[in-house]
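Proteins come first, then strands; the chains are lettered A, B, ... in the order of their sequence lines, and each starts at number 1.
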Amino acid sequence: MLDHEYTTKDVFRKNFFKNWRKEMTHEERTVITSLSKCNFNEINEYFKTKTEERKNMSKEEKLKIKHENESVVKAYGFCLMDGHREKIGNFKIEPPGLFRGRGDHPKQGMLKRRVQPEDVIINCSKGGNIPQPPAGHRWKEIRHDNKVTWLCSWTENIQGQVKYIMLNGEKDWQKYEMARNLKGVVDKIRSQYREDWKSKEMRIRQRAVALYFIDKLALRAGNEKEEGETADTVGCCSLRVEHIKLHPELDGQEFMVEFDFLGKDSIRYYNKVSVEKRVFKNLQLFMENKQPGDDLFDRLNTAILNKHLQELMDGLTAKVFRTYNASVTLQQQLKELTNPEDNMAAKILSYNRANRAVAILCNHQRAAPKTFEKSMANLQTKIDSKREQVLLTRREVKSAKADYKVRRDEKSRKAVETKRKALERTEEQLMKLEVQATDKEENKQIALGTSKLNYLDPRISVAWCKKWGVPVEKVYNKTQRDKFAWAIDMAEADYEF
DNA sequence: GATATGACTTAGAAGCTCCCAT
DNA sequence: ATGGGAGCTTCTAAGTCATATC
């Protein structure tokens, strides 16, 4: 990890050294007393050499390793569930290493210890083929619990959390049906929470304002977290006074709320939104006589909120609003952005833009790729030379035409035709490159994958593809097509979320 | 009602592969 | 043939939410 930014962080170094010292012999402990005096070059070089060696292996050797890996997947990557052979999502036990928590995690750098068979619980059918532990070892427990989906579990030593080996979910359909159910009652729920802004009871007002944020801004529920055990991040219910600023007027708009907080994975949420006057007044009320570190919604938590939602609709929870709003946004954006006249590349750009609108709503961000500027510049060079080429070809068409005017023969007529075709082709190529550049630029810090995989009802995308004659492969890769096979089967061009 | 635990979903980063330009 | 990078896969952390326990 020497090349990683983690190793420059005090907390990381402190935790690592503390844990490392616990592993040392008495003698080592007396000699090795300061991390900053340690020189890891030798072992670092050793691993670099190993990597280099791997890279320089012959084609045959690489192929051999590939086959070996494949046979491991074949042997361990599948299970028999209710008589079906199913692919296991993660079939390898997590190896030991240094804990890489996100953001300012107080436990970053701690030693994540090796998991032994003695730590592992196996969950399988009674009387089935019980997997054998490695020689000389035994499992912690063999269990036959058919109420859960996991095959194997162990408790990790950093946070004491249970880790699982399980399949890749696939309860997607239910999730999207739940979100569609919300569509039927959302108007009622909205007018209800607007009424509740006026409630005599503070807890009801807080619940109503929080729900408004969850609905309007697609915020996460925001469970309480144990202080000091994890990075300091929040969601809606756990917002603190310090996370919002109220502006009666800002940028020419009234009743502005400025959000600034770290959400899941310590991704910053920054947004300025104009809210209804009643919401604004309520927020002022909630913040009265409070310190920056106090809870904004002191009479509310996720349990209370979800209990309320449950009463409004069977199975409704806070996260359903995210799914609902994401899918509705995609559908509406696709409708708005797709131009029937557009060619394929432009249609796909529109799709990506609709996808992007959702990613922005859900605040799905990524670090700008390290090579972004360079690859952008490369693309620009390509565009410039393609433009040159278009101009050149255009001149060639002109002169071919002139030539034909003089000669009036079959050969020169054909030459005009050929040049014209060539021009068409290069213009198309140029257009494609320009679209690619636009897409890339707009996507610099936005991650589309998360919403595509977890929030967007795939039937909307499939229907859009069918409606505009776009091959599904342009929108979903192989894995995604497998995951969404049910939707590809089911959705027709007229599907409405 | 508060708190802990467990199971499952969602998340961005890291790693890997394969394809294209040179 | 090669090297770089886009796109895909893997990895595992970090959420949500239901249920058990105090």
DNA chain B-proximal residues of residues 449-461 of chain A, any heavy atom under 4.0 Å: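 The answer is Thr450(A), Asn454(A), Tyr455(A).
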Nearest-nucleotide 5' precedence on DNA chain B, Asn69(A) against Ile267(A):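 The residue mapped nearer the 5' terminus is Ile267(A).
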5′-ward residue of the pair Thr323(A)/Tyr164(A) relative to DNA chain B: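 Nearest-nucleotide comparison on DNA chain B picks Tyr164(A).
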Which part of the nucleic acid, if any, lies within reach of [X] when heavy atoms closer than 4.0 Å are counted: base, sugar-phosphate only, or nothing?
{"X": "Lys478(A)", "value": "nothing"}
{"X": "Thr149(A)", "value": "sugar-phosphate"}
{"X": "Gln365(A)", "value": "sugar-phosphate"}
{"X": "Thr233(A)", "value": "sugar-phosphate"}
{"X": "Gln159(A)", "value": "sugar-phosphate"}
{"X": "Lys112(A)", "value": "sugar-phosphate"}
{"X": "Ala318(A)", "value": "sugar-phosphate"}

Just the rounded figure in Å: distance from [atom2] of [N] to [atom1] of [X].
{"X": "Lys225(A)", "N": "dT16(C)", "atom1": "NZ", "atom2": "C1'", "answer": "13 Å"}
{"X": "Met1(A)", "N": "dA13(B)", "atom1": "CE", "atom2": "P", "answer": "14 Å"}
{"X": "Glu224(A)", "N": "dT5(B)", "atom1": "CD", "atom2": "C1'", "answer": "15 Å"}
{"X": "Glu229(A)", "N": "dA4(B)", "atom1": "CD", "atom2": "P", "answer": "10 Å"}
{"X": "Arg322(A)", "N": "dT10(B)", "atom1": "CZ", "atom2": "C1'", "answer": "9 Å"}
{"X": "Lys163(A)", "N": "dT9(B)", "atom1": "NZ", "atom2": "P", "answer": "16 Å"}
{"X": "Asn306(A)", "N": "dG1(B)", "atom1": "CG", "atom2": "P", "answer": "17 Å"}
{"X": "Asn168(A)", "N": "dT9(B)", "atom1": "CG", "atom2": "P", "answer": "10 Å"}

To the side chain of [X], which of [options] is closest?
{"X": "Lys264(A)", "options": "dG6(B), dA14(C), dC17(C)", "result": "dA14(C)"}
{"X": "Arg100(A)", "options": "dA14(B), dC8(B), dG6(B)", "result": "dA14(B)"}
{"X": "Ala367(A)", "options": "dT9(C), dA14(B), dA13(B)", "result": "dA13(B)"}
{"X": "Trp150(A)", "options": "dA7(B), dA14(C), dT12(C)", "result": "dA7(B)"}
{"X": "Arg220(A)", "options": "dC18(B), dT9(C), dG15(C)", "result": "dG15(C)"}
{"X": "Thr317(A)", "options": "dT16(C), dA18(C), dG12(B)", "result": "dA18(C)"}
{"X": "Lys66(A)", "options": "dT12(C), dT16(C), dC18(B)", "result": "dC18(B)"}
{"X": "Asp265(A)", "options": "dC8(C), dT12(C), dA14(C)", "result": "dA14(C)"}
{"X": "Asn223(A)", "options": "dC11(C), dT9(B), dC17(C)", "result": "dC17(C)"}
{"X": "Gln310(A)", "options": "dC8(B), dA14(C), dA18(C)", "result": "dA18(C)"}

Enclosure of Leu2(A) CG (heavy-atom neighbours >12, cutoff 6.0 Å):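 Yes, CG of Leu2(A) has more than 12 neighbouring heavy atoms, counting only those of other groups under 6.0 Å.
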Test ring-ring contact (aromatic ring centres under 6.0 Å, His included) applied to His137(A) - qualifying residues, sequence neighbours left out: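 Listed in chain order: nothing, the list is empty.
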Centroid separation Phe12(A) to Tyr6(A) less than 6.0 Å: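 That pair passes the under 6.0 Å test.
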Pair Phe99(A) and His105(A), ring centroids less than 6.0 Å apart: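 Between Phe99(A) and His105(A), the centre distance is under 6.0 Å.
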At under 4.0 Å, does any side-chain N or O of [X] touch on OP1 or OP2 of [N]?
{"X": "His364(A)", "N": "dT10(B)", "value": "no"}
{"X": "His105(A)", "N": "dA14(C)", "value": "yes"}
{"X": "Lys175(A)", "N": "dC8(B)", "value": "no"}

side-chain hydrogen bond (donor to acceptor under 3.5 Å, both in side chains) partner of Thr233(A), the single match among Lys225(A), Arg268(A), Lys264(A):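 Going through the options one by one, the only one that passes is Lys225(A).
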DNA chain C: 5'-proximal contact among Gly222(A) and Thr479(A) (nearest heavy atom):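 Between the two, 5'-proximity favours Thr479(A).
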Closest-nucleotide ordering on DNA chain C, the 5'-leading residue of Ser266(A) and Gln480(A):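 Residue closer to the 5' terminus by nearest nucleotide: Gln480(A).
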Polar pair under 3.5 Å, donor/acceptor by atom type, side chain Lys319(A), base dT9(B):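 Side chain to base: no pair below 3.5 Å.
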Lys NZ or Arg CZ of Arg85(A) over Phe78(A) ring: under 6.0 Å, within 45°: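 Judged by the rule, Arg85(A) and Phe78(A) form a cation-pi pair.
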Any side-chain donor near an acceptor of the partner, Asp215(A) and Tyr193(A), under 3.5 Å: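 Asp215(A) vs Tyr193(A): donor-acceptor pair found between side chains.
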Distance-only donor-acceptor check, side chains Arg481(A) and Tyr476(A), under 3.5 Å: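 Checked: Arg481(A)/Tyr476(A) side chains show no N/O donor-acceptor pair below 3.5 Å.
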Side chains of residues 110-117 of chain A: which donor-acceptor partners sit under 3.5 Å, not counting sequence neighbours?
residue	atom	partner	partner atom	Å
Lys112(A)	NZ	Glu94(A)	OE1	2.8
Arg113(A)	NH2	Asp119(A)	OD2	3.3

Closest approach of Ile214(A) to Ala221(A) (non-hydrogen atoms, all atoms of both residues):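 Minimum heavy-atom contact is CD1-CA, 4.4 Å.
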